[in-house]
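This report refers to the structure that appears directly beneath it.
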Amino acid sequence: TQSTRPQRLLSAVQKNATRGDPCSVVRAIDDFCRHKEWAMNVGDEKGCILDSVVSEMNPAAVLELGTYCGYSTVRIARLLPPDAKFITLEFNPGFAAIARQVIAWAGLEEKVQLVEGASGDWIPKIKEQFGIKTFDLVFLDHWKDRYLPDTKLMEECGLLRKGSVLLADNVICPGTPDYLEYIRSSPKYESRYFKSHLEYTKVEDGLEKSIFLG
Ligand SMILES: Nc1ncnc2c1ncn2CCCCCNC(=O)c1cc(-c2ccc(F)cc2)cc(O)c1O
Ligand SMILES: [Mg+2]
């Protein structure tokens, strides 16, 4: 049977990366996506911006919306302190199955809790299910028309505290116009745009970093 792109990406990791070495997993995926098949990972250029935000925050609790193959999951988890809580939500079971194996190849399965389901269903249950009060960092990389409703939902569920950071991928391409309009005009957030490029291309894209002011 025909393999899927995530399956071919996983094969490239298993062939070219060293077990237990997150950086070699990141490099293997970037090489595969740049030279063999494009895939919608945050990529190396925006990934460095993600790294700097994670390192600067040293977060105790992180939420990722949209795991895909686990590329950004590995980038984030490799930088977290040992007792940090990291939840990543993936809607597509096929993607989740690949991501689990990519995360395991990197040796980071102990640091990540991959939950299968839709963000809108899970966000209201996170507090009770995972014993998390608030998130220090949320990385939004799922359906672009879910960024705004899910941000409002996280506010309503009390998952954000003064200083929580939302980092949103793809605010230019594919674009999240309603989210940008809200977050940049809301007095509850202080926002900054990090100009970059769509992963593995010359097309403009960027990350929007927004600090919740409470
Ligand atoms: N837990 C959950 N809840 C709700 N939805 C959930 C979910 N978990 C997953 N999804 C469903 C998200 C599916 C993938 C989202 N990402 C994207 O759609 C995406 C697309 C591009 C792209 C750009 C230019 C092009 F020409 C083509 C594609 C680039 C990116 O960096 C992207 O992140
Ligand atoms: Mg993305």
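One-based numbering, in listed order, for ligands and for the atoms of each. All heavy atoms count here, side chains included; hydrogens, waters and symmetry mates do not.
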inquiry  = Students often mix this up, so state it plainly: with edges at 30° and 60°, are the rings of W143 and F91 parallel, tilted or perpendicular?
reply    = tilted
key: Distance-only N or O hit between ligand 1 and N92, under 3.5 Å   = no
request  = Tell me, please: is R146 in heavy-atom contact with ligand 1, that is, under 4.0 Å?
outcome  = no
inquiry  = Within the structure, is a non-hydrogen atom of G117 found at a distance of less than 4.0 Å from ligand 1?
reply    = yes
remark   = closest protein heavy atom to atom 32 (C) of ligand 1 is N170 OD1, 3.2 Å
task = Establish, for the pair R161 and F135, whether the NZ or CZ atom is under 6.0 angstrom from the six-membered ring centre and no further than 45 degrees off its axis.
result = no
key: the Mg ion (ligand 2) contact by N41, N, O or S atom under 2.8 Å   = no
task = Please report the shortest heavy-atom distance between A39 and C33, naming the atom on each side.
result = CB-SG, 3.7 Å
inquiry  = With respect to the Mg ion (ligand 2), please indicate if E199 possesses an N, O or S atom at a distance under 2.8 Å.
reply    = no
ask   = Angle subtended at the Mg ion (ligand 2) by OD2 of D169 and OD1 of D141, to 10 degrees?
value = 100°
message = Measuring centre to centre across the rings, with the benzene-like ring taken for any Trp, is H142 within less than 6.0 Å of Y147?
response = yes
inquiry  = Quick test: of every protein heavy atom, which one is nearest to atom 8 (N) of ligand 1, and how far off is it to 0.1 Å?
reply    = F91 N, 3.0 Å
